[in-house]
Amino acid sequence: MMRGHKSPHRGDTMETKVLLSNWDTEEEDSDAGTDYETALGLTGYGVFHYWLMLVCGWANASDAVEILCISFLLPSAECDLELTPARKGWLSAILFVGMMIGGYVWGSLGDTLGRRVVLMNAMIVNAAAGFLSSFSQEYYFFLFLRFLSGVGVGGSIPVVWTYYAEFQPSARRGSALSVLASFWMVGNVTVAAMAWAIIPHEIGWTDREGFLFNSWRIFVAVSALPSFLVAIALVFMPESPRFLLCKGREEETLSVLRDMYFTNTGKDRASYPVTSLQVERVSPHIVEQKQDWRAAVNDCLNKASQLFSPSLYRVTLIMLVINFSIQFGYYGLWLWFPELFNKLEHYQTLHPNHTVSVCEVVSVDLSIVKDNTTTTDFCTASIPDNQVFINSFIISISAAPANLWTILHMDKLGRRFFLCFSMLLSGSSAFLIYLVNSSTMNLILSCIFGAVSTMGFNSLDCLGIELFPTSLRSTAMAVTLLAARIGAIFGNLVFGYLVESHCAVPILMVAGLLIGGGMMGVFLPNTTKKPLL
C-alpha cells in the first residue's frame with residue numbers, strides 16, 4: 001500500500017502491522033520513493049504482459065471448460081448415471097456448491113499467502129478432481145468429485161482476476177481485463193470442440209458388465225487437461241508486485257518490476273530507473289514471519305468482516321445482489337441450452353411440419369418418454385445430434401463482437417454503462433426465449449443472450465477488482481462470487497425441477513432478476529481509469 005494514499009479502512013484491523021512512518025508527513029513521503037503506478041508504467045507494456053495474458057487467459061478458459069462440460073455430457077450419461085431431470089439439475093449445481101466454498105477459502109487465502117501460490121494449488125485441485133471423476137461408475141461418487149472440482153474452480157476464478165489486474169497500468173486495465181474475460185469464450189469454443197470430437201464416437205471401454213470408460217468419460221478426462229497445463233505454467237510466473245508491496249516486501253517488489261522491465265524492453269535490469277518505492281514500512285520481523293494455516297484462516301475471517309465496514313458495506317451489498325442476479329440468469333439458461341436444443345431437434349425430426357415453443361416441446365417429449373416406458377425396460381442414452389454441437393459453436397462465437405466492443409471501449413464508455421446495458425438486454429432476450437417456436441429463432445435469441453451477457457460479465461469483473469483495496473481485493477472477489485455461486489446453484493435447481501412441469505416460471509425468473517440487477521448497477525461508483533486502491 002502506498003504511503004500518503006490512505007485506504008478507506010486504515011482505522012480497521014486490516015493486517016498486523018507496525019507502522020514506522022507518519023501518515024501526515026507529505027514531504028517525507030515525496031522523498032520516500034516512486035509510487036507504484038509510476039513504477040509499473042516504467043516497466044513498459046509488452047512481452048511479459050502478453051505471456052501473462054495467455055497464462056491467466058487459459059486459467060479463465062479452463063474454468064469455463066470444467067463448468068460447461070457437464071452440459072454436453074448430460075444426454076450421453078443419462079443411462080450410465082441413471083439421470084433424472086432433478087439429478088441433472090444437481091449435477092450442474094454441485095459444481096457451484098464447490099465453487100461457493102472454494103471461492104471464499106482460496107480467495108481469502110490469496111490475500112494472506114499470495115496470489116500465485118494459491119492460484120496454482122486451486123488449478124491442481126480442479127484438474128485432479130476433474131480427471132478422477134471420469135473413472136467414476138456411480139452417480140453419487142461422480143457428484144462428489146465434481147464438487148471437489150468446483151472447489152478448485154471456485155478458487156481460481158477470484159484469484160486469477162486479482163493476480164492479472166495487479167500487473168496492469170490504470171490506463172490499460174479496462175481493456176486488459178476485457179481481453180482476459182474474452183478467454184471465457186475461448187473456453188466455450190474449446191469445450192464444444194472437444195465434446196464434438198469425442199462424445200459422438202464409440203471409443204473407450206463400453207462393457208456394461210464390467211468397467212465403463214466410454215466416450216463421455218474420456219471427454220471429462222480431457223477437459224481437466226487445460227487446468228493442469230496452467231498450473232505448470234504458473235510455476236514460471238512471479239508473484240503479484242502489488243501484493244508484495246502491500247505486505248511491505250519492497251525488495252521483492254522491485255525484483256519483479258525489474259524482471260518485467262527486462263522482458264518488455266530487452267534492456268538490462270540494472271537500467272530500470274526505480275530504486276525505491278512508496279510503501280508502508282513494516283517491522284522486519286513481521287515481514288519475515290510465516291503464518292501457519294490457523295492464523296491464515298483467522299486472517300481470512302477478519303478480512304471478510306472488513307467488507308461490511310461503514311465505508312464499504314453499501315458497495316459490497318450492491319455487488320452481492322448483482323452477482324446473484326446475473327449468474328442465476330446466465331447459468332440457469334446456459335447449462336440447459338444443449339439439453340433444450342437436443343429435445344427440440346429430436347422433436348422436429350419426428351414432426352418436421354410442427355412448430356412448437358421450447359416449453360411445449362419439453363412437455364411433449366416428456367409424454368413420449370412416459371408412453372415408451374410401457375414398451376421397453378431399457379434406458380437409451382441419446383448422443384446429441386451434430387446440430388446441437390454446431391449450435392453451441394455458434395452461440396459461443398457470437399460473444400466475439402461483444403468481447404471486442406468491451407476491449408476497445410471499456411475504458412471509454414465505462415464499467416457501469418456496459419453492466420446496466422448488458423443486464424437489461426439479456427433480461428429482455430431471456431424473456432423472448434419463452435416465445436420462440438423454431439430452432440432457428442431459438443438459436444438467434446440464444447446468441448443474443450450469450451453476447452449481451454458477455455458485456456455484463458466483463459464489466460462486472462472490472463468493477464469487482466477496482467472497487468476494493470489491495471489488502472481486501474481477493475477476499476472481496478471471493479465473497480461477491482459467493483453470492484454468484486448461490487445464484488448459479490438456484491438457477492440450475494430451479495430449471496432442473498421446473499423445466500418439464502412449469503417451464504415458463506424459471507425463464508421469467510431469469511428475465512426479472514437480470515433486469516432488476518442491471519438497474520442496481522447505476523448506484524455503483526465510477527472506477528474507469530482510476531488507480532487501484
Side-chain angles (χ1 to χ4, degrees), residues 53-54 56-75 92 95-96 99 126 130 146 149-150 153 156-157 160-161 177-200 216 219-220 222-227 229-230 326-327 329-342 384 386-407 422 426 429-430 433 442-461 484 488 491-492 510:
M53 178 191 70
L54 285 175
C56 293
W58 272 105
N60 196 30
S62 67
D63 291 335
V65 169
E66 279 297 317
I67 292 170
L68 298 173
C69 74
I70 292 296
S71 63
F72 287 100
L73 64 85
L74 288 179
S92 296
L95 191 78
F96 295 100
M99 291 167 70
N126 177 13
R146 297 312 300 178
S149 177
V153 174
S156 61
I157 289 178
V160 74
W161 284 92
L177 290 173
S178 296
V179 171
L180 180 61
S182 70
F183 273 85
W184 195 266
M185 178 191 71
V186 174
N188 289 348
V189 173
T190 301
V191 72
M194 291 192 302
W196 196 1
I198 297 172
I199 291 178
W216 71 262
F219 165 66
V220 172
V222 172
S223 296
L225 186 60
S227 297
L229 295 176
V230 169
I326 195 170
Q327 296 226 10
Y330 180 81
Y331 285 112
L333 276 179
W334 194 263
L335 292 182
W336 282 89
F337 273 150
E339 182 82 354
L340 296 176
F341 275 132
N342 196 42
N386 280 341
Q387 192 60 44
V388 174
F389 295 109
I390 293 171
N391 289 345
S392 297
F393 268 117
I394 294 171
I395 294 172
S396 298
I397 296 171
S398 68
N403 276 315
L404 183 61
W405 190 25
T406 57
I407 290 170
S422 164
S426 58
S429 64
I433 287 175
N442 199 353
L443 178 62
I444 291 171
L445 282 171
S446 299
C447 289
I448 294 171
F449 177 76
V452 297
S453 295
T454 294
M455 295 185 290
F457 277 108
N458 292 4
S459 56
L460 194 59
D461 290 331
N492 275 285
V510 165

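This chain uses plain numbering: 1 for the first residue, then up along the sequence.
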Do you know which two heavy atoms are closest between [X] and [Y], and how far apart they sit?
X: I394; Y: C447; value: CG2-SG, 3.6 Å
X: S396; Y: N188; value: OG-CB, 3.2 Å
X: G130; Y: A224; value: C-CB, 4.1 Å

- Message: Evaluate I326 against S453 for side chain to side chain contact (heavy atoms under 4.5 Å, CB included), listing each step before the verdict.
- Response: CA-CA 8 Å; I326 195 170; S453 295; 5.9 Å; no
When rounded to the nearest 0.5 angstrom, what distance separates [atom1] in [X] from [atom2] in [Y]?
X: C69; Y: W216; atom1: SG; atom2: CH2; answer: 10.0 Å
X: F457; Y: S178; atom1: CZ; atom2: OG; answer: 14.0 Å
X: N126; Y: M99; atom1: CG; atom2: CE; answer: 9.5 Å
X: L177; Y: L460; atom1: CG; atom2: CG; answer: 12.0 Å
X: I397; Y: M185; atom1: CD1; atom2: CE; answer: 7.5 Å

- Got a sec, which residues hit side chain to side chain contact (heavy atoms under 4.5 Å, CB included) with M194, two or more places apart in sequence or on another chain?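 Here the qualifying residues are V65, T190, F219, V222, S223.
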- Task: List in chain and number order the residues that pass side chain to side chain contact (heavy atoms under 4.5 Å, CB included) with T454, two or more places apart in sequence or in another chain; answer none if no residue qualifies.
- Result: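 So T454 forms a side chain to side chain contact (heavy atoms under 4.5 Å, CB included) with A399, A402, N403, N458.
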- Item | Pairs meeting criterion salt bridge (charged side-chain N to carboxylate O under 4.0 Å, His left out) with involvement of residues 59-68, two or more places apart |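 Residue pairs passing salt bridge (charged side-chain N to carboxylate O under 4.0 Å, His left out), neighbours aside: E66-R146.
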- Task: Classify the ring geometry between W196 and F393 as parallel (under 30°), tilted (30 to 60°) or perpendicular (over 60°).
- Result: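 W196 and F393: tilted rings.
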- Query: Side chains of L95 and S149: does their closest heavy-atom pair fall under 4.5 Å?
  - Reply: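 A side-chain contact exists here, since the closest heavy-atom pair is under 4.5 Å.
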